[in-house]
Amino acid sequence: MAYALQQLINGISLGMIYGLIAVGYTMVYGIIGMINFAHGDIFMVGAFVALVAILMLMSGDLMHGPAAILLVLVISMGFTALYGWTVERIAYRPLRGSFRLAPLISAIGMSIVLQNFVQVSQGARVKPLEPQLVGGIELMRDGNFVVQLSYMQILIIVSTLTVLTVFTWLVTRTALGRAMRACEQDRKMASLIGINTDRTISLAFVIGAALAAVAGTLYLLRYGIADFFMGFIVGVKAFTAAVLGGIGSLPGAVLGGLLIGLIETFWSAYFSVQYKDVAAFGILVLALVFLPTGLLGRQEVEKV
Amino acid sequence: MTAPAAVPALGITARLRAALVDASKATVVAFGLFFIMVGLRTDVSPTGALFLRTRWLDVALLCAAVFVSRLALALWLGRRKPEVGPAWQAAALSRAGLLFGPALLALALILPFVPGIGRYELDLGILVLTYVMLGWGLNIVVGLAGLLDLGYVAFYAVGAYAYALLAQYFGLSFWICLPLAGILAAFWGVLLGFPVLRLRGDYLAIVTLAFGEIIRIVLLNWVELTGGPNGISGIPRPTFFGLPFSMSGGPQTFAGFFGLEPSPSHRVIFLYYLILALALLTNWVAIRIRRQPIGRAWEALREDEIACRALGINITNTKLTAFALGAMFAGFAGAFFATRQAFISPESFTFIESAIILAIVVLGGLGSQIGIAVAAIVMIGGFELFRDLDEYRMLVFGAAMVVIMVLRPRGLVGSRAPSVLLGEQRRIDARFVGEGRG
Amino acid sequence: MNASRQHQPGAEILRVDGISMRFGGLLAVDAVDFQVQRGSITALIGPNGAGKTTVFNCITGFYRPTGGQISLRRSDGSIASLHRLKDHRIARAGVARTFQNIRLFAGMTVLENLLIAQHVKLQKATGFGIGAMLGFPGYRAAEAEAIDRAVEWLRAINLLDRADDAAGGLPYGAQRRLEIARAMCTMPALLCLDEPAAGLNPRESDDLAKLLVSIRDGTATRSAATSILLIEHDMGIVMRISDHVVVLDHGRKIAEGTPEQIRSDRHVIAAYLGEDEDAA
């Protein structure tokens, strides 16, 4: 029981990271209907920017307390958002309205570019970072087993909820959010009523990248490693989360992220660590076969 | 006459100013991009701790490069006249293609005997032909049937492991294993095709990707059967219909039987012709089948699935045959890969391989056999050409994918050749051709 | 002429018995029944949202009705229960259809469109694909025959000179005709048309009316006479060519009969003019 509770906590904190990335996938998919294949690598860039920022603060002996972590988050969000914007500007905008597979290939190309750019500029070695936030709150004790909610997990949960609250407010309450939802419904109509669709799409990429940067920073702090290839598998799982939740649905992305996080954690804890990714993908396949539009997705009615 | 002369002069300054502003903006963005990721490099010290190394010069150089190239691009684009219609281009290309295809085939046939072609060039030829074959195989699924498959490499892996395991455990020869590998891969194609029949578009893409990864992870972790990350080594090399390529020169070897001087290049030449024959088989089947009812049904499926149903076409069977046939050719290629390398491991079957094969198909132009061959030569050959770039090679490769797509979203050959004609030869403009939603 | 196609027991080709279709809480079609007589043109009319297309989709298998039966009586007297069949089986049983928003294979040629319509027959001639791959004569003969049939239909719809052009490049009216020819190439017993005159100019509508009559009478090509069920908003065409008219409103059948009877039916007038029935 205690063990399961601990796994639940671990699963939720991992799932929140997936959820943050999944929101970026689902938002871009909702608006322009493409899989932003480079989004996982944007997450990786976010982790690297955070790593550099942390090292900078450490060299000035400033890496203490919540303010430092907040600063790292802000730096990472800012610079990673720029990457998100640039990727859209270079690889996707020229292909707007063209053949569906072209942006997909372009996105795969961009993913290769980002991975190898980071490999060249930051080196291929895995970067180990010593834990920045240790300790936690003891929730219960069962014999020798201690259920702990670590400060790191509190950080993940608190920052994810904060970021998502701001994001939800942005999408549901502001003019930008309305413009985004309008583009999602009908891009041509949106531009006819005077919405700058190019800018709205750019902003979707910027926001998505900023969320991925938060995820990257939290992932780095939680697991203490960063390498240029980390974006692929995390990205695929986050996309899985977005699809599972119903692509295009923002609450669905978070829900899907939590589910994938929980499935992965429980599978690793009770079955086998090696096959944890198989479990995540297996669930995806099953979910799609039985629920082709995901958990919270819109039913796609084929008009004949 | 002075006025018209003055206008362009004014235009030039205005354009230059606009270009300078544009280039400056790009440079500011570039600085933002490179400032942290290039300017501050994280290094691991011998003690295992991380430290930062600054490289401001590199940042300055990169920003200068961005400024200059953006300026040049802006000036060049500002000057460019509206180009001649793509229809004209496509027509010229297809006319050239009529001669180009046979010429390419002739070159491929005599390549091993062209002076100056050594072992290295032949090995490269084998690699390129493997990708040509994979591209043609995937084209059946993506280009004809319009089913977006991001896990094609899984079938390549099935073929390779099928041969390796059958040879290892049952001692079967390459020539028995080759069809078995194809059949097994086709079987897996159907097996994986079944659950995804109802899925469309990007859902199909992501599920096929997931299947590809699942197969790779299973290969990686099922150590008792597959050797896990260490792979399988000592896979038997192919024989010339029973005659091994051996340096001993005995009567039961290839060289001895034909009374030739034993040479290691015999096997390479044999492998080259083997993959050429397999690729041509793929091509022949693909071209023939396009003119068959099933091939036309695939293309119709790509154009409009609902209309197909209304015409009595069984969608399930049509999709599954496309998956199975595409997978079968990947299985053949996989068996060839295993016998050529004599060693396989899950590392050869990562997602990036699927992405490269798909990129070849899309860059070549969906459905175009010759376009795919050219794309494979350009991508794989070009990749080899940039060997000296070392770690920058993949960077250039990815950038090339983006650039080609931006310049030619429909690939090299976007137009479609009708499968049957009443009148004279002609092609269908790319703008009419569907891309499939499956 | 028209009277002879009126209700003759046992002469119906399609029987729709009390079909209902429910989408969630909405009852789109409520226990509708009607028949299509062999060799007739039957029109299904009604205001927007009356459930015409839903009935149509039930007959052609795109929806499975929540209740009721649909049976097709083939010329040999055998009966196919359409409400139990999958859509591609329905097409094979002898029901062909067109779509309200044209669904041609846009990137394929006009001729290819007509050959795909003969897929089922051609596929049988290939011998599991192997015979055709190797170029066996049996398949070649079958394909030549299929092309002959396609050419006949192209002549009938006046598109022979555009046989090798992309279907997506044809003018709108030609696309409508091609879609009808494609449906006819499946050699159906019953042809179902969903608003075939939508978007046509008066001259094209006129040609369409002639084409439909010639399909019913079997004079368009050498193929047999074919019964037609159509949904249409253009009352001019409906009244001119239909032998029998069925009127739906709010998912129920409110009237049926000859065009003359329908024209003077007060329920129909009320439904179309939106009048209150008590007032009328």
Side-chain angles (χ1 to χ4, degrees), chain A residues 29 34-35 45 48-49 51-53 55-56 59 79 82-83 85-86 90-91 94-95 98-106 108-113 115-125 127-130 232 236 239-240 243 247 274-275 277-278 281-282 284-285 288-289 292 302 304, chain B residues 29 32-38 40-44 48-52 142 148 195-196 198-203 205-207 209-211 213-214 217-218 220-221 306 310 351-352 355 358-359 362-363 366 391-395 397-406 409-410 414 430 435:
Chain A
Y29 191 92
M34 71 166 283
I35 305 178
V45 168
F48 265 91
V49 174
L51 179 67
V52 170
L55 290 177
M56 253 166 32
S59 66
F79 282 95
L82 190 62
Y83 273 87
W85 181 85
T86 312
I90 292 178
L95 291 170
S98 120
F99 186 57
R100 185 182 56 133
L101 284 176
L104 181 73
I105 298 297
S106 177
I108 292 173
M110 213 61 217
S111 158
I112 296 176
V113 166
Q115 272 174 28
N116 289 278
F117 166 68
V118 173
Q119 188 192 1
V120 166
S121 67
Q122 295 288 336
R125 279 187 68 174
K127 316 284 178 189
L129 179 72
E130 68 250 39
F232 173 70
V236 170
F239 187 76
T240 301
V243 171
I247 199 154
Q274 288 94 356
Y275 287 105
D277 295 346
V278 172
F281 294 141
L284 168 80
V285 173
L288 279 183
V289 169
E302 189 90 48
V304 287
Chain B
V29 172
L33 293 178
F34 298 136
F35 161 65
I36 279 196
M37 293 305 278
V38 177
L40 296 161
R41 164 151 183 164
T42 51
D43 270 325
V44 185
L50 287 172
F51 67 98
L52 284 174
V142 180
L148 183 49
V196 302
R198 288 201 302 156
L199 300 180
R200 295 239 157 138
D202 301 298
Y203 290 102
I206 202 76
V207 170
L209 189 157
F211 276 141
E213 284 295 295
I214 288 176
I217 296 168
V218 170
L220 200 59
N221 289 302
I306 287 181
F351 166 72
I352 195 75
L358 181 66
V362 176
L363 295 177
L366 287 173
E391 52 181 350
Y392 292 92
R393 188 156 70 139
M394 273 313 271
L395 191 62
F397 185 79
M401 268 165 82
V402 175
V403 170
I404 299 178
M405 272 297 100
V406 168
R410 270 285 181 167
E435 49 187 317

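Just so it is clear: chains get the letters A, B, ... in the order the sequence lines come, proteins before strands, and each one is counted from 1.
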Counting only heavy atoms closer than 4.5 Å, note whether [X] contacts chain B via side chain, backbone, both or neither.
X         : answer
Phe239(A) : side chain
Met34(A)  : neither
Ser59(A)  : neither
Ile108(A) : both
Val236(A) : side chain

Find the one option among [options] whose heavy-atom pairs under 4.5 Å with chain A are most numerous.
options                         : value
Leu363(B), Leu209(B), Ile217(B) : Ile217(B)
Val362(B), Val38(B), Val218(B)  : Val362(B)
Ile214(B), Leu220(B), Asn221(B) : Asn221(B)

For this session: Please report the C-alpha distance between Ile352(B) and Met394(B) in whole Å, then the side-chain angles of each, then the deciding distance to 0.1 Å, and finally whether the side chain to side chain contact (heavy atoms under 4.5 Å, CB included) criterion is met.
Result: CA-CA 11 Å; Ile352(B) 195 75; Met394(B) 273 313 271; 4.3 Å; yes
For each of [options], tally heavy-atom pairs with chain B at distances under 4.5 Å, and name the one with the top tally.
options                                    : result
Tyr29(A), Tyr275(A), Phe48(A), Trp85(A)    : Tyr275(A)
Ala91(A), Ala53(A), Pro128(A)              : Pro128(A)
Ser111(A), Pro103(A), Ala124(A), Gly123(A) : Gly123(A)
Val285(A), Leu82(A), Val243(A)             : Leu82(A)

Problem set entry | Region of Val406(B) that comes under 4.5 Å of a non-hydrogen atom in chain A | both
Problem set entry | Proximity breakdown for Val403(B) and chain A, heavy-atom pairs closer than 4.5 Å | neither
Exercise. What residues form a ring pair (Phe, Tyr, Trp, His ring centres under 6.0 Å) with Phe79(A), not counting sequence neighbours?
Worked result: Phe35(B)
Of all the heavy-atom pairs spanning [X] and [Y], show the shortest one and how long it is.
X         : Y         : value
Arg125(A) : Val44(B)  : NH2-CG1, 3.7 Å
Val52(A)  : Leu52(B)  : O-CD1, 3.9 Å
Gln122(A) : Lys127(A) : O-NZ, 2.5 Å
Ala102(A) : Pro409(B) : CB-O, 3.6 Å
Ser121(A) : Arg41(B)  : O-CD, 3.4 Å

Problem set entry | Side chain to side chain, Ile105(A) and Ile404(B), heavy atoms closer than 4.5 Å | no
Exercise. In terms of ring plane angle, is the pair Phe117(A) and Phe34(B) parallel, tilted or perpendicular, where the classes change at 30° and 60°?
Worked result: tilted
